[in-house]
Every structure is written in C-alpha cells, then in structure tokens.
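In what follows, every chain begins at residue 1, and chains take the letters A, B, ... in the order their sequences are listed.
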Amino acid sequence: MKIATWNINGVKARLETALAWFAEARPDIACLQEIKSVDEGFPAGAFEELGYHVATHGQKGFNGVAILSRQPLEDIRRGLPGDDSDEQARYIEATVSTATGALRIGCLYLPNGNPLGTEKFPYKLAWMDRLIAHARSQLELEMPVLLLGDYNVIPEPRDARTPQDWLGDALFQPESRARFRALLNLGFTEAVRATNDRPDTYTFWDYQAGAWQRNNGIRIDHILLSPQAADLLRGTGIDAHVRGWDKPSDHVPVWVDLAA
DNA sequence: ATGCCTTGTCGCACAAGA
C-alpha cells in the first residue's frame with residue numbers, strides 16, 4: 001500500500017491542486033502538513049467524496065496536520081506528548097488496520113526554527129527531543145510504525161543543491177542534524193535513502209528566485225520506518241512534477257510502498 | 001546585503017515560512 005506525506009501550504013488555497021494529486025496518485029494513506037486551518041474549516045467533504053476518512057489537528061492561520069486514509073482511522077492522538085503548554089498543532093497519530101495487520105501512522109510538522117538567535121531555534125530542538133522520546137516509546141509497540149512529515153531538517157550536504165547557502169539556517173544546523181540522526185539511531189530506517197541514492201533528490205523548492213526552474217532544492221520531507229515497517233518496504237517515490245503545476249505548494253508529495 | 005514569493009489575517013500591511 002501507498003503511504004504519502006505532503007506539506008500542502010494551506011489546504012483551502014491548495015484544494016484544487018490537492019484533489020488533482022489524490023486522483024492521480026491514489027494514496028491509501030496521506031499525511032498533510034501546514035493545513036493552516038482550524039478543524040471545522042478543513043474541507044473534509046471533498047476528500048470523503050474520494051473515499052477517504054479524515055482526521056485533523058488544526059489551528060487558526062498556521063501549522064495544522066491531517067491524516068487521510070481509505071481505511072478507518074483508529075486510536076487518534078492529537079499533539080506531541082511531553083509539553084502540555086505547547087499549543088502549536090504539529091502532530092497527529094492514528095492506527096490503520098490492513099489485511100496483514102495494523103500500522104501506526106505519525107504525521108508531523110517539525111518547527112522550522114529560524115531565525116537563529118530567537119526563541120524559535122530552541123523550541124525546534126526541544127520539539128525534536130520530545131519527538132525522539134515519543135519515537136522511542138512507539139518502538140516498544142513492536143509493530144509497523146511510520147513517522148512521516150515535514151522534518152525541516154536537511155540531513156546531509158547532498159540533500160541540498162547549494163549546501164553552503166544553508167550553513168546559517170536552522171534546517172542545517174549541527175544540533176538539528178544530530179537530533180535527526182538520533183532518531184535514526186533508535187532503529188528507524190529513512191525510507192527514501194534506503195531505496196534512492198540518486199543525486200538531486202529534493203522535496204522542497206522555494207517560491208522565490210526561480211528555485212524550481214534552477215532545481216535549487218532541498219530534501220526535508222522524510223519517512224521514517226520502525227524495523228517492523230522497514231521489513232515491509234517495497235519502494236519510495238517523490239512526485240516532483242507536482243511542483244510544476246499551477247498553484248503549487250513549495251513542497252511535493254513523498255511516498256512509500258509497503259507490502260501491507 | 002536584502003529581497004526575491006505565497007498564505008492567512010477581525011487586512012488596506014504584516015507575520016511566518018524555509
């Protein structure tokens with residue numbers, strides 16, 4: 001089955017584009033980030049007409065995440081554990097049952113962290129520490145667990161067309177990259193790099209300065225698989241062509257094909 | 001060196017993104 005992640009940068013502004021991609025890609029499960037909508041404002045009906053169940057965790061104006069699934073969503077958790085005072089809507093998790101067993105799906109929108117020198121960067125690092133702790137607890141389920149989303153981390157220099165331009169950016173700081181590695185070191189497999197060693201593999205191109213036309217991209221949208229999920233890995237894809245559509249998000253869909 | 005776009009907001013400019 002096909003499980004995707006996509007930062008759509010506003011579900012209402014992107015609805016036509018999103019529906020076109022759903023019709024083309026037909027994912028079994030899709031994790032959306034930056035819906036920029038409260039729960040009541042999410043156009044669930046448009047996706048339900050395509051056969052999806054919808055669970056959202058939104059807030060007004062910014063952030064917001066959603067999981068869409070052809071199979072029902074069970075045991076829905078909203079918010080990342082570890083800080084009850086955190087009011088930013090950046091995490092939602094649910095279980096999806098398949099013919100071969102259940103999958104636990106975590107959909108995340110990791111804080112950007114810019115600019116350095118403000119409270120935003122330590123918030124990002126603290127959020128990553130909470131994600132590491134939660135990921136560790138999810139491994140104890142000993143079931144296929146997927147953590148998909150916009151990680152806002154460039155893992156390695158080869159994940160940017162011009163890595164030197166990102167040296168002063170929160171996405172490429174040693175502290176951000178170390179925490180991403182710590183996640184992997186828990187035992188998660190990064191699905192795209194496990195299946196794709198090609199250069200110029202990106203998931204985001206800035207709206208500004210002709211970044212798409214010049215292929216000045218970065219790879220910041222990732223899919224992490226628990227050992228039980230990695231054992232089901234058949235392949236991955238990045239629907240980069242969607243960046244060339246009218247009214248595109250600055251991110252493109254990334255997906256994994258599991259034998260589930 | 002900065003902004004270059006884009007979205008959403010109790011708009012008529014600004015914050016936030018990456």
ask   = Between A:K120 and B:dG17, does any side-chain N or O lie under 4.0 Å from OP1 or OP2?
value = yes
ask   = What is the distance, rounded to the nearest whole Å, between atom CG of A:D250 and atom P of B:dT7?
value = 9 Å
task = Taking the side chain as every heavy atom from C-beta outward, state whether A:R70 and A:K2 have any atom pair closer than 4.5 Å.
result = no
ask   = Is there a side-chain contact between A:I67 and A:I29 (heavy atoms, below 4.5 Å)?
value = yes
note = A:L233 and A:L258 have their tightest heavy-atom pair at CA-CD2, 3.8 Å
Donor-acceptor pair between A:H251 and A:E34 side chains, under 3.5 angstrom = no
inquiry  = Taking B:dT7 as the reference, what is the distance to B:dA18 when you measure between their P atoms (whole Å, please)?
reply    = 14 Å
request  = Would you please test A:N9 and A:Y207 for side chain to side chain donor-acceptor pair (under 3.5 Å) and show each step?
outcome  = CA-CA 12 Å; A:N9 187 17; A:Y207 287 123; 3.1 Å; yes
query = Which residues within residues 148-164 of chain A lie with some heavy atom under 4.0 Å of an atom in DNA chain B?
reply = A:D150, A:N152
Audit row: A:S226, A:Q138, side chain to side chain donor-acceptor pair (under 3.5 Å) steps and yes/no = CA-CA 9 Å; A:S226 76; A:Q138 291 298 96; over 6 Å; no
task = Ignoring backbone atoms, test whether A:Y123 places a side-chain nitrogen or oxygen under 4.0 Å from the OP1 or OP2 oxygen of B:dA16.
result = no
ask   = For A:Q173 and B:dA18, what is the distance between atoms CD and C1' respectively, to the nearest whole Å?
value = 13 Å
message = Students often get this wrong, so: under 4.0 angstrom with heavy atoms, is A:D221 touching a base, only sugar-phosphate, or nothing?
response = nothing
task = Write down the distance separating the P atoms in B:dC10 and B:dA15, rounded off to the nearest Å.
result = 14 Å
key: P atoms of B:dA13 and B:dT2, separation to the nearest Å   = 25 Å
message = Evaluate A:I105 against A:C31 for side chain to side chain contact (heavy atoms under 4.5 Å, CB included), listing each step before the verdict.
response = CA-CA 9 Å; A:I105 304 293; A:C31 296; 3.6 Å; yes
request  = Taking the side chain as every heavy atom from C-beta outward, state whether A:W21 and A:I8 have any pair of such atoms under 4.5 Å apart.
outcome  = no
ask   = Start at the 5' end of DNA chain B and walk down; is the nucleotide closest to A:P248 or to A:Y109 reached first?
value = A:P248
key: A:R177 CZ - B:dA18 C1' separation (whole Å)   = 16 Å
query = At under 4.0 Å between heavy atoms, what does A:A13 touch on the DNA or RNA strands: base, sugar-phosphate, or nothing?
reply = sugar-phosphate
task = Could you check how far CG of A:D206 sits from P of B:dT2, rounded to whole Å?
result = 16 Å
query = Which part of the nucleic acid does A:K247 contact within heavy-atom distance under 4.0 Å: base, sugar-phosphate only, or nothing?
reply = sugar-phosphate
key: Pairing residues for A:A209 by the side-chain contact (heavy atoms from CB on, under 4.5 Å) criterion, not counting sequence neighbours   = A:R214
message = Please compare A:R90 and A:A209 by the position of their nearest nucleotide in DNA chain B and report the one closer to 5'.
response = A:A209
message = At under 4.0 Å between heavy atoms, how does the protein contact nucleotides 9-15 of chain B? Give one character per nucleotide, 5' to 3', with B, S or -.
response = SS-----
ask   = So does A:N63 get a side-chain nitrogen or oxygen closer than 4.0 Å to the phosphate oxygens (OP1/OP2) of B:dA16?
value = no
remark   = When rounded to whole Å, the CD1 to C1' distance for the pair A:I218 and B:dG17 reads 11 Å
query = Looking at A:N112, does any N or O in its side chain come under 4.0 Å of the phosphate oxygens OP1/OP2 on B:dA18?
reply = yes
ask   = Does the side chain of A:Q88 come within less than 4.5 Å of A:Y109's, by heavy atoms?
value = no
message = Please report the distance, rounded to the nearest Å, between CD in A:Q88 and P in B:dG8.
response = 18 Å
message = Of the listed nucleotides (B:dA18, B:dA16, B:dC4), which one gets closest to any side-chain atom of A:Q208?
response = B:dC4
query = C1' atom, B:dA1 versus B:dC12: distance in rounded Å?
reply = 29 Å
request  = Taking atom P in both B:dT6 and B:dG11, compute the distance separating them and give it to the nearest angstrom.
outcome  = 23 Å
remark   = A:W166 CH2 to B:dG17 P, in whole Å, measures 14 Å
ask   = Which listed nucleotide (B:dT7, B:dA18, B:dC4) is nearest to the side chain of A:H251?
value = B:dA18
note = Rounded to whole Å, the CZ-C1' distance (A:R214 to B:dC4) equals 11 Å
ask   = Is the shortest heavy-atom distance from the side chain of A:D129 to the side chain of A:R179 under 4.5 Å?
value = yes
